[in-house]
Q: 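What follows is a single structure, and I will ask about it in a moment.
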Amino acid sequence: MVEYTPKERLARVLTGQSVDRMPAVSFTQTATVDQMEACGAFWPEANDDAEKMAKLAQAGHTVVGFEAVRVPFDITAEAEFFGCEIKAGTKEQQPSVVGHVVKSVEDIEKLKGYNLDHGRIGVVCDAIKVLADRYGTELPVIGSMIGPFSLAQHLNGDEWFMAIFTDEAFSLALMEFTTEFNVAYARKMVENGADTMVIIDPTASAQLIGAQFYEKFVVPYHRKIVDAMHKLDVATVLHICGDTTQGLSLMEACGVDAISVDQSVNVSDAMDKVTEAIIVGNLDPVNVLWNKTPEVVKQKSKELLDMGVTVLAPGCGIVSKTPTANLQAMVEMAKSHSYQ
C-alpha cells in the first residue's frame, strides 16, 4: 500500500478514502506545560502573540509527535473579539468568558462591520500563516473555532438558554450573526493556510436543549459552516461536549465529515448511530491521559481501536499538566494501527 504524507493521510481519512494507517492527531487543544517548557512559548502570552502561538502549536508535533499542527488553544478569542469581558488565563489555565455584550437585536447590530485582522482573531489567522508556511506541504494545518451556538451563549450569557425558548426572533437573529462570523473567520483561516476546520460547540447539545431546539437553532447553522468549507475542499470536524450519543444523528445532519465524541460516549454506540461521518475519540483527557501511566493509555487506546474508532484522539481538550509520555503513548498506538 502507498505510504502517505500526514497531510494526505488525514485528508483521505476525513473523506472516507483508504490509507496506509491511522493518522496521529488531536482535533481539540494540544498545548501542555511540558511543551511550553520545551519550546519556550508559554500561556498566556502564546494566546496573544502569533509567533509564540505558532511555536507552541509546533511543539505538539516536535515534542509530542502529533502529525498535525493546530491553533488556537482556547475558545474565548471570538467572544473577546466582540468585547466580552475575559478572565485572563495563566501558564496552566485557559482564559474564560465572564462578561457578556448582547441583550437585544440592537446590540447585535452594533457588533457588525468587524475586521478579522484585529484582536486575537487576527493573531490566530497570523499564526496559521506561520504554520502553513513552515509545515503546510507536509502536515495538516488545523484551524479551530467556537461554534455559533456557544458563541451566542458567550455573547448573551446564561440568558441564552431561556432566550431560545421565549424569544425566537432574537435568538435566530443572534444565530445568523454568529454563524456569519464563523463562516467569515473560517474562510480567513483557510486563506491563511488551514486545510482542516474544527467546530467546537460545547453547549450545542441535543441532550441539553432537546432535539427540537437542536434542529432549529444548531443544525442549519452548522450546515452553513460545513457547506462553506466544503466549497473550499476543507474537511470539517464537529466536537460537542457531554454524552451526545442520542444526538449523533442530528449532529451528522449538518454534513460534517467527522464527529469528535467525548469520554462519556461509548464508541461502539457512536459508530452505530452515524452513517457517513467518521467517529473521532475518545480517550479521557483527565482520568486517563493526565492521571494514568503510558501503559494504561495504551490499554485504553487498544480498547477504542478494538471498538473500531476511526481516529484515536483525546475526548476533549488536553489538560495542560498532561505528561508528554502519556500523549506519546496515544500517538504510538494510533501510528501502529492499520485499518482492516
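Start at 1 with the first residue, then count along the sequence.
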Q: Could you point out which residue of Phe217, Trp160, Tyr221, Tyr214 forms a ring pair (Phe, Tyr, Trp, His ring centres under 6.0 Å) with Phe149?
A: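 For Phe149, the ring pair (Phe, Tyr, Trp, His ring centres under 6.0 Å) test succeeds with only one of Phe217, Trp160, Tyr221, Tyr214, which is Trp160.
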Q: If you compare all heavy atoms of Cys125 against all heavy atoms of Asn192, which two are closest, and at what distance to 0.1 Å?
A: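 Nearest heavy atoms, Cys125 then Asn192: O-ND2, 2.8 Å.
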Q: Please round to the nearest 0.5 Å and tell me the distance separating atom CD1 of Ile225 and atom OG1 of Thr236.
A: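 So the gap between those two atoms works out to 9.5 Å.
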Q: Do Thr245 and Asp269 pair up side chain to side chain, a donor and an acceptor below 3.5 Å, judged on atom types alone?
A: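 Thr245 vs Asp269: no donor-acceptor pair found between side chains.
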Q: Find out if a path of hydrophobic residues (ILVMFWY) with successive side-chain heavy-atom gaps under 4.5 Å connects Val101 to Leu174.
A: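 In one cluster with Val101: Leu174, yes.
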Q: Before giving the answer on salt bridge (charged side-chain N to carboxylate O under 4.0 Å, His left out), spell out for Lys300 and Glu295 the whole-Å C-alpha distance, their side-chain angles and the decisive distance to 0.1 Å.
A: CA-CA 9 Å; Lys300 295 297 183 181; Glu295 291 70 30; over 6 Å; no
Q: Side chains of Phe66 and Leu139, heavy atoms from C-beta outward: is any pair under 4.5 Å?
A: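 Side-chain contact under 4.5 Å: no.
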Q: Under 3.5 Å, side chain of Glu252 to main-chain N/O of Ala277, donor-acceptor pair present?
A: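 Judged by distance alone, yes, a pair lies under 3.5 Å.
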Q: Given the side-chain rings of His61 and Tyr135, with only the six-membered ring counted for Trp, is the space between their centroids under 6.0 Å?
A: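 Under 6.0 Å, so yes.
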Q: Does a sphere of radius 6.0 Å around NZ in Lys7 hold more than 12 heavy atoms from other residues, nucleotides or ligands, not counting ones at 6.0 Å or beyond?
A: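 Atom NZ in Lys7 is crowded, with more than 12 foreign heavy atoms closer than 6.0 Å.
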Q: Output the distance between atom CG (Leu151) and atom CE (Met175), rounded to the nearest 0.5 Å.
A: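 Between atom CG of Leu151 and atom CE of Met175 there are 9.0 Å.
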Q: Could you check whether Phe181 and Tyr114 have their ring centres less than 6.0 Å apart?
A: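 When the ring centroids of Tyr114 and Phe181 are compared, they turn out to be within the sub-6.0 Å range.
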Q: So, taking the atom named CD in Gln328 and the one named CE in Met333, what distance separates them when rounded to the nearest 0.5 Å?
A: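 If I round to the nearest 0.5 Å, the distance is 14.5 Å.
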Q: Where do Met22 and Leu312 come nearest, in terms of heavy atoms and distance?
A: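 Closest approach of Met22 to Leu312, heavy atoms only: SD-N, 3.3 Å.
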Q: Return yes if some donor-acceptor pair links the side-chain N/O of Ser320 with the main-chain N/O of Glu92 below 3.5 Å, else return no.
A: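 Judged by distance alone, yes, a pair lies under 3.5 Å.
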Q: Are any non-hydrogen side-chain atoms of His222 and Pro148 less than 4.5 angstrom apart?
A: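 SC-SC contact between His222 and Pro148 confirmed.
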Q: Give a yes or no on whether the backbone of Leu116 and the side-chain of Lys188 come within a donor-acceptor separation of less than 3.5 Å.
A: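 Here the side-chain-to-backbone pair does not exist.
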Q: Please check: side-chain N/O of Glu78 versus main-chain N/O of Ile146, any donor-acceptor pairing under 3.5 Å?
A: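 Between the backbone of Ile146 and the side chain of Glu78 there is a qualifying donor-acceptor contact (under 3.5 Å).
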Q: Would you call Lys321 and Asp34 a salt bridge, using N to O less than 4.0 angstrom?
A: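 Judged by the 4.0 Å cut-off on N to carboxylate O distance, Lys321 and Asp34 do not form a salt bridge.
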Q: Would you say the side-chain atoms of Gln93 and Thr90 include a donor-acceptor pair closer than 3.5 Å?
A: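 No, because no side-chain N or O of Gln93 sits under 3.5 Å from a partner of the opposite role on Thr90.
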Q: Inspect the contact between Asp306 and Lys302 and indicate whether a charged nitrogen and a carboxylate oxygen are less than 4.0 angstrom apart.
A: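 A salt bridge is present here (some side-chain N lies under 4.0 Å from a carboxylate O).
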Q: Please lay out, stage by stage, how His100 and Glu159 fare under the test side-chain contact (heavy atoms from CB on, under 4.5 Å).
A: CA-CA 10 Å; His100 315 286; Glu159 296 174 12; over 6 Å; no
Q: For Thr196 and Ile142, indicate whether the former's side chain and the latter's backbone hold a donor-acceptor pair under 3.5 Å.
A: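 Flag not set: sc Thr196 to bb Ile142 has no pair under 3.5 Å.
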Q: Does Phe42 offer a backbone N or O that forms a donor-acceptor pair with the side chain of Glu37 under 3.5 Å?
A: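 Flag not set: sc Glu37 to bb Phe42 has no pair under 3.5 Å.
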Q: Quick one: does any side-chain atom of Thr322 pair with a main-chain N or O of Val319 as donor and acceptor, under 3.5 Å?
A: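 Between the backbone of Val319 and the side chain of Thr322 there is a qualifying donor-acceptor contact (under 3.5 Å).
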Q: In this structure, would Met145 and Val97 fall into the same cluster of hydrophobic residues linked by side-chain contacts under 4.5 Å?
A: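 No, Met145 does not connect to Val97 through the hydrophobic network.
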Q: Leu283 and Leu304: side-chain contact (heavy atoms from CB on, under 4.5 Å), yes or no, with the steps?
A: CA-CA 8 Å; Leu283 280 172; Leu304 292 172; 3.8 Å; yes
Q: May I ask you to decide if Ile86's main-chain N or O and Glu80's side chain share a donor-acceptor pair within less than 3.5 Å?
A: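 No; zero donor-acceptor contacts below 3.5 Å.
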Q: Is the closest basic N to carboxylate O distance between Lys224 and Asp227 below 4.0 Å?
A: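 Salt bridge: no.
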Q: Mind checking the CD-OG spacing from Glu106 to Ser104? Nearest 0.5 Å is all I need.
A: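 Rounded to the nearest 0.5 Å, the CD-OG separation comes out at 4.5 Å.
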Q: Using the test side-chain contact (heavy atoms from CB on, under 4.5 Å), find all partners of Asp48 that sit at least two apart in sequence or belong to another chain.
A: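 side-chain contact (heavy atoms from CB on, under 4.5 Å) check on Asp48 returns Arg120.
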Q: Do His154 side-chain atoms and Ala79 backbone N/O form a donor-acceptor pair below 3.5 Å?
A: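 Checked: no pair found.
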Q: Can you tell me how far NZ of Lys216 sits from OG of Ser171, rounded to the nearest 0.5 angstrom?
A: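 Going from OG on Ser171 over to NZ on Lys216, the span is 9.5 Å.
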Q: Whether the side chain of Arg70 engages the backbone of Pro72 through a donor-acceptor N/O pair (distance < 3.5 Å, no angle test) should be reported.
A: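 Yes, the answer is positive, given that a donor and an acceptor are paired below the 3.5 Å cut-off.
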Q: For the CG atom on Asp158, are there more than 12 heavy atoms of other groups (residues, nucleotides or ligands in this structure) within a distance under 6.0 Å?
A: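 Open.
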Q: When rounded to the nearest 0.5 angstrom, what distance separates CG in Asp262 from OG1 in Thr28?
A: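 Result: 10.5 Å between the selected atoms.
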Q: Kindly say whether the aromatic ring centers of Phe81 and Tyr185 come within a distance under 6.0 Å.
A: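 No, too far apart.
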Q: Does NZ in Lys103 sit with more than 12 non-hydrogen atoms of other residues, nucleotides or ligands closer than 6.0 Å?
A: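 Above 12, so yes.
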Q: With the threshold set at 4.0 Å, does a side-chain nitrogen-carboxylate oxygen contact exist between Lys335 and Glu332?
A: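 Result for this pair is no, no salt bridge flagged.
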Q: With a 4.5 Å cut-off on side-chain heavy atoms, are Leu56 and Lys52 touching?
A: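 With C-beta onward as the side chain, the pair stays apart.
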Q: Please tell me whether Val63 and Val297 are part of a single hydrophobic cluster in this structure, the criterion being side-chain heavy atoms less than 4.5 Å apart.
A: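 No, separate clusters.
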Q: Between Val218 and Ile209, does the side-chain contact (heavy atoms from CB on, under 4.5 Å) criterion hold? Intermediate values first, please.
A: CA-CA 10 Å; Val218 181; Ile209 64 174; 4.1 Å; yes
Q: Please report the closest heavy-atom contact between Val331 and Gly65, naming both atoms and the distance.
A: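 In this case the closest contact between Val331 and Gly65 is CG1-O, 3.7 Å.
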Q: The test is side-chain hydrogen bond (donor to acceptor under 3.5 Å, both in side chains); show your working for Gln35 and Thr32 and say whether it passes.
A: CA-CA 5 Å; Gln35 293 173 53; Thr32 62; 3.1 Å; yes
Q: Measuring centre to centre across the rings, with the benzene-like ring taken for any Trp, is Phe161 within less than 6.0 Å of Phe213?
A: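 No, the ring centres sit 6.0 Å or more apart.
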Q: Measure across Met229 and Ala186 and return the closest heavy-atom pair with its distance rounded to 0.1 Å.
A: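 Met229 and Ala186 have their closest heavy atoms at CE-CB, 3.5 Å.
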Q: Ion pair present between Glu3 and Arg21, side-chain N to carboxylate O less than 4.0 angstrom?
A: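 Salt bridge: no.
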Q: Do Val286 and Asn291 have side-chain heavy atoms sitting under 4.5 Å apart?
A: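 Yes. Closest side-chain heavy atoms under 4.5 Å.
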Q: If you compare all heavy atoms of His239 against all heavy atoms of Ser260, which two are closest, and at what distance to 0.1 Å?
A: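 Reported closest heavy-atom pair: ND1-OG, 2.8 Å.
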Q: Of the non-hydrogen atoms in Ala57 and Val71, which two are nearest, and what is the gap between them?
A: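 Minimum heavy-atom separation between Ala57 and Val71: CB-CG1, 3.5 Å.
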Q: Taking a hydrophobic cluster as the set of Ile, Leu, Val, Met, Phe, Trp and Tyr residues connected by side-chain heavy atoms closer than 4.5 Å, whether directly or through intermediates, do Met53 and Val130 fall within one such cluster?
A: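 Different clusters.
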